[in-house]
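Each remark here refers to the structure printed beneath this line.
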Amino acid sequence: QVNLVESGGGLVQAGASLRLSCVVSGRTFSTSAMAWFRQAPGKEREFVAAISSTIASTFYADSVKGRFTISRDNAKNTVYLQMNSLKPADTAVYYCARRTGRLYHVGAENYDYWGQGTQVTVSS
């Protein structure tokens, strides 16, 4: 059984920072690519950032590039999303996701385990 539990969301003003964490149970975390997605009210779930299992490769959506940083600590079975210079457009529920495989993908259909989500609200 694999469980993903996100934390770190909250209500902040524009320009502030937040760091999301996602703790993953199970013994295959170090060989699994991880990603963050988000879903705003009335919108489709969208890709935010991803990281390969070896930490060697990361990829970001254009909308967050230069502001968000994805990282992981394989010893702690945890993936992080550092979010800086937050904008009201970043308001959404943020989900972490795990896929079986070392390489990341940007499509949500490639991820087989999901967390319950954490709300991020950015006020103007």
Side-chain angles (χ1 to χ4, degrees):
Q1 182 72 17
V2 177
N3 290 304
L4 289 73
V5 180
E6 302 101 333
S7 62
L11 171 61
V12 297
Q13 290 189 328
S17 298
L18 281 174
R19 188 175 83 152
L20 306 183
S21 300
C22 174
V23 179
V24 183
S25 67
R27 292 178 290 179
T28 59
F29 178 79
S30 63
T31 59
S32 301
M34 298 294 299
W36 288 93
F37 291 79
R38 67 186 182 186
Q39 187 167 18
K43 294 188 176 182
E44 297 286 323
R45 187 171 298 190
E46 66 172 356
F47 170 81
V48 175
I51 186 167
S52 65
S53 64
T54 60
I55 315 179
S57 183
T58 58
F59 188 75
Y60 298 91
D62 287 344
S63 58
V64 306
K65 197 174 298 182
R67 300 187 298 122
F68 290 12
T69 302
I70 188 171
S71 61
R72 65 190 294 161
D73 185 338
N74 286 344
K76 295 183 178 180
N77 275 27
T78 302
V79 62
Y80 304 98
L81 185 67
Q82 178 66 44
M83 306 186 294
N84 299 329
S85 302
L86 282 162
K87 306 174 182 179
D90 295 317
T91 295
V93 177
Y94 284 71
Y95 300 89
C96 69
R98 195 214 80 164
R99 71 178 301 270
T100 302
R102 296 181 180 272
L103 301 179
Y104 60 75
H105 283 265
V106 300
E109 67 276 9
N110 293 289
Y111 292 82
D112 44 13
Y113 292 97
W114 293 79
Q116 81 289 349
T118 186
Q119 177 71 48
V120 172
T121 303
V122 184
S123 62
S124 57

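These numbers come from a predicted model, not from an experiment.
Taking Asp73 as the reference, nothing meets the salt bridge (Lys or Arg N to Asp or Glu O under 4.0 Å) condition, with sequence neighbours excluded. Looking at residues two or more places apart in sequence or on another chain, you find no salt bridge (Lys or Arg N to Asp or Glu O under 4.0 Å) involving Lys43.
For the atom pair Ser32 OG and Ile51 CD1, the distance stands at 12.5 Å (nearest 0.5 Å). Note that CG of Leu81 and OG of Ser21 are 9.5 Å apart. Values are rounded to the nearest 0.5 Å. Taking CZ of Phe37 as the start and CH2 of Trp114 as the end, the distance is 4.5 Å to the nearest 0.5 Å. The CG atom of Leu20 sits 8.0 Å away from atom CZ of Phe68, with the distance rounded to the nearest 0.5 Å. In this structure, Thr100 OG1 and Asp112 CG are separated by 3.5 Å, a value rounded to the nearest 0.5 Å. A distance of 5.5 Å separates CZ of Phe29 from CE of Met34, quoted to the nearest 0.5 Å.
Between Ser52 and Arg102, every side-chain heavy-atom pair lies at or beyond the 4.5 Å cut-off. By the 4.5 Å heavy-atom criterion applied to side chains, Tyr113 and Asn3 are not counted as neighbours.
Between Ser53 and Arg72, the closest heavy-atom pair is CA-NH1, 3.3 Å. Between Lys76 and Thr78, the closest heavy-atom pair is O-OG1, 2.8 Å. Here the closest non-hydrogen pair linking Leu18 and Gly8 is CD2-O, 3.7 Å. Counting all heavy atoms, side chain and backbone alike, Ala50 lies closest to Tyr104 at CB-CB, 3.5 Å.
The list of side chain to side chain donor-acceptor pair (under 3.5 Å) pairs with a residue in residues 85-96, not counting sequence neighbours, reads Arg38-Asp90, Arg38-Tyr94, Arg67-Asp90.
The main-chain N or O of Pro88 is never found under 3.5 Å from a side-chain atom of Ser124 such that the two would form a donor-acceptor pair. A donor-acceptor pair under 3.5 Å is formed between the side chain of Glu6 and the backbone N or O of Cys96. The backbone N or O of Val23 lies less than 3.5 Å from no partner atom in the side chain of Asn77, so there is not a single donor-acceptor pair.
Follow the hydrophobic side-chain contacts under 4.5 Å out from Tyr80 and you never reach Leu86; the two are in separate clusters.
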Next on the checklist: Using the rule given for side chain to side chain contact (heavy atoms under 4.5 Å, CB included), can you reason through Val79 versus Arg98, listing the C-alpha separation, both sets of side-chain angles and the distance that settles it, and then say yes or no?
Outcome noted: CA-CA 10 Å; Val79 62; Arg98 195 214 80 164; over 6 Å; no
